Amino acid sequence: MGDFKVIKNTDMADEMRQDAIEFSLKRSRKTMDGANILAKCLKQQGVEYMFGIVGFPIIEVGMAAQAHGIKYVGCRNEQSACYAAQAMGYLTGKPAVCLVVSGPGMLHTIAGLANATLNCWPMICIGGSTDMDQESRGGFQEFPQVESARLSCKYASRPTTLQAIPVHVEKAMRMCIYGRPGAVYLDMPGNLVLSRIENESDISYVSPLPLNPPVSVPPQGILAQAAVVIKQAQRPLLIVGKGSAWSERGPTQLTQFATSTQLPFLATPGGKGVISDLNPLSVAPARSLAIKEADLIILAGARLNWILHFGLPPRFDKNVKVIQIDICAEEFNQNVASTVPLLGDVGETVELLRRELDGFTFNKSSEWFRKLIANSDKNRTVVQRMTDDHTLPLNYYAAYDPIREFILKNDVLIVNEGANTMDIGRTMMPNVIPRRRLDAGTFGTMGVGLGYAMAAGFYCRDYSPATKVLVVQGDSAFGFSGMELETIVRYELPIVTVILNNSGIYRGIGPEDWKCIEGDKTTNVPVLSLSPECRYDKMCEALGGHGLLVHSVPEIRRALNEAYNYKSGPTLINVIIATESERKAQEHNWLTRSKV
Ligand code: ADP
Ligand code: MG
């Protein structure tokens, strides 16, 4: 037994206590790297989705994001990832992140960042960048990224220490969603991603930012002035923009406002569905007449930019009065003097205005209303004639007929992109609830389609399972981001894409004419042409989705019903339409050049 040490119970307890102390010391001194600090802050601040393409130096950020419970979606092109993040922010009201590599990866997001800022949609782009000690030495993919982002973003910043990360993340959230929303850029030097802090308790995390920004309303006196102007108007028109879709209670409050005042209304493309397109007060088919002859427009969360022809003649009356409602004071008096500027949240403001109007209703049997209705009816007849013409190859309106029918029977989140495909789609596809239409938007960006579709797909999967995602694109628009079909396959999203294929940008040439092109194609193929009747449906199949080639109205109808039965992965319906199909004749070109 000699020197055998008898371990007493008390010794054992001491040893265990010692172990426990060491363990807890280790825990409180938990080391942590920049990637994990960043991911933890994003999660704490409420980020749910991250779209990106990883590579040096941010692979670890993507991995850390997943470890902290953020849903990571690996895309094929940074632009699409950026479009997806901003659409997700718009749909959920919570900023999503776009994660990209240094240099070219980050620069590929610039069009997306500008698109988000111009649309007033929140998002955070995080770009990896050269290690700080290699800066100005020709570091790998070195570029002035913060400066590059600044023009396209509301705000851009770069933490230079691990301790600074929480403050930068909270500010990024705040800057992109408070006030007028927009894009924010956060630069993450490679050395910061991997460097570690010995003791996590040295990091001061910032408490989560409330994601519903504070709301303001105009003072009562100015609301009273607006009420007087409304009561005096002979030919008033309410114009509903996408600020109304963004406003938290905007859609309900605007619908109540329209119902109680009985004012005729128009929606901008982004404002569609705030008040249902099927509401009898909608004068959408009489748009040109309504804006030209209105003596008062109540502009609810819309800008007098190119989409609304600057509010100027020849499209608007030169004496038109404007009651403008916006959260951004700098927007008032843009292009046209604001008769009454109402600074505040659009929903809350119209609610107060409705009370101020105290039961006032616009006379539905007035000359103005009768004129608008007569003009709507006339334009509807012209469109109906084109819709009913099912001659092959189809014209746009006929191709849209079964799509419209499908939308009226289902809850659909529409992504619509192209030239004629989008313009005609806006009038042919009704929206009955808000934020159910995503299109090229304020910046007129082509290439947003499949990025938006991915966001829509995840949004529906996680928040609105009964809603179907339907993308309707021109063949040219599809081409900008077609490879994202593979992403959609990978994440098993049941997204249906209809391509209205006219073999070109605006319009191409068909296979017969194509055969007649002789000589050097670089000089002889029309600049608008793409491959005639290209089989994009086969591309979708090759990537693991479903593809259908169709030509006629019954075929489109059948394809749409079949497509959603697949339940998983994308379906691409390739609709061959006439290369010479055009929009209904318009009195003015879509882009009214300013003469003033
Ligand atoms: P549209 O494309 O529908 O015309 P815009 O994006 O041009 O819409 O304009 C939207 C306007 O709405 C912007 O000027 C923006 O500042 C404003 N806006 C955004 N959110 C709100 C809100 N909650 N209340 C009031 N205005 C808002
Ligand atoms: Mg085309």
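Start at 1 and go down the list; that is how both ligands and their atoms are numbered. All figures in this text were calculated on a predicted structure; none of them were measured in a lab.
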**Message:** Side chains of Gln45 and Glu170 only: does a donor on one sit below 3.5 Å from an acceptor on the other?
**Reply:** no

**Request:** Specify whether an N/O/S atom of Gly474 falls short of 2.8 Å from the Mg ion (ligand 2).
**Result:** no

**Request:** Starting from atom 2 (O) of ligand 1, find the nearest protein heavy-atom neighbour and note its residue, name and distance.
**Result:** Lys242 NZ, 2.8 Å

**Asked** Which residue holds the protein heavy atom closest to atom 7 (O) of ligand 1, what is that atom called, and what is the gap in Å?
**Response** Arg303 NE, 2.8 Å

**Message:** With nothing but distance in play, are any N or O atoms of Trp246 less than 3.5 Å from an N or O of ligand 1?
**Reply:** no

**Message:** Just to confirm my output: which protein heavy-atom neighbour is closest to atom 23 (N) of ligand 1, and how far is it?
**Reply:** Asp345 OD1, 2.9 Å

**Request:** Give yes if a backbone or side-chain nitrogen or oxygen of Glu331 is under 3.5 Å from a nitrogen or oxygen of ligand 1, and no if not.
**Result:** no

**Item:** Ring-face cation contact, Tyr185 with Arg150, 6.0 Å cut, 45° max
**Value:** no

**Request:** Using only heavy-atom distances, determine whether the side chains of Thr467 and Asp411 contain a donor-acceptor pair under 3.5 Å.
**Result:** yes

**Fill in**
Note: heavy atom closest to atom 18 (N) of ligand 1, options Ile327, Leu308, Ile239, Thr268, belongs to Ile327

**Request:** Looking only at protein heavy atoms, identify the closest one to atom 10 (C) of ligand 1 and say how far it is in Å.
**Result:** Gly301 O, 3.2 Å

**Message:** Checking contacts here: is it the side chain or the backbone of Val346 that comes within 4.0 Å of ligand 1, counting heavy atoms only? Could be both or neither.
**Reply:** both

**Item:** Asp475, N/O/S atom nearest the Mg ion (ligand 2)
**Value:** OD1

**Message:** I need the nearest protein heavy-atom contact for atom 17 (C) of ligand 1: residue, atom name and distance, please.
**Reply:** Asp326 OD1, 3.3 Å

**Prompt:** Purely on distance, is any nitrogen or oxygen of Pro181 under 3.5 Å from one on ligand 1?
**Reply:** no

**Fill in**
of all protein heavy atoms, closest to atom 19 (C) of ligand 1 is Gly243 CA, 3.5 Å

**Prompt:** So which bit of Thr442 gets within less than 4.0 Å of ligand 1, heavy atoms only: side chain, backbone, both or neither?
**Reply:** side chain

**Request:** Mind checking whether Thr349 contacts ligand 1 via backbone (N, CA, C, O), side chain (CB onward), both or neither, at a 4.0 Å heavy-atom cut-off?
**Result:** neither

**Prompt:** Under 30°, 30 to 60°, or over 60°: which ring-plane class applies to Tyr452 and Tyr83, parallel, tilted or perpendicular?
**Reply:** perpendicular

**Message:** Report whether any nitrogen, oxygen or sulfur of Tyr506 sits less than 2.8 Å from the Mg ion (ligand 2) (N, O or S, backbone or side chain).
**Reply:** no

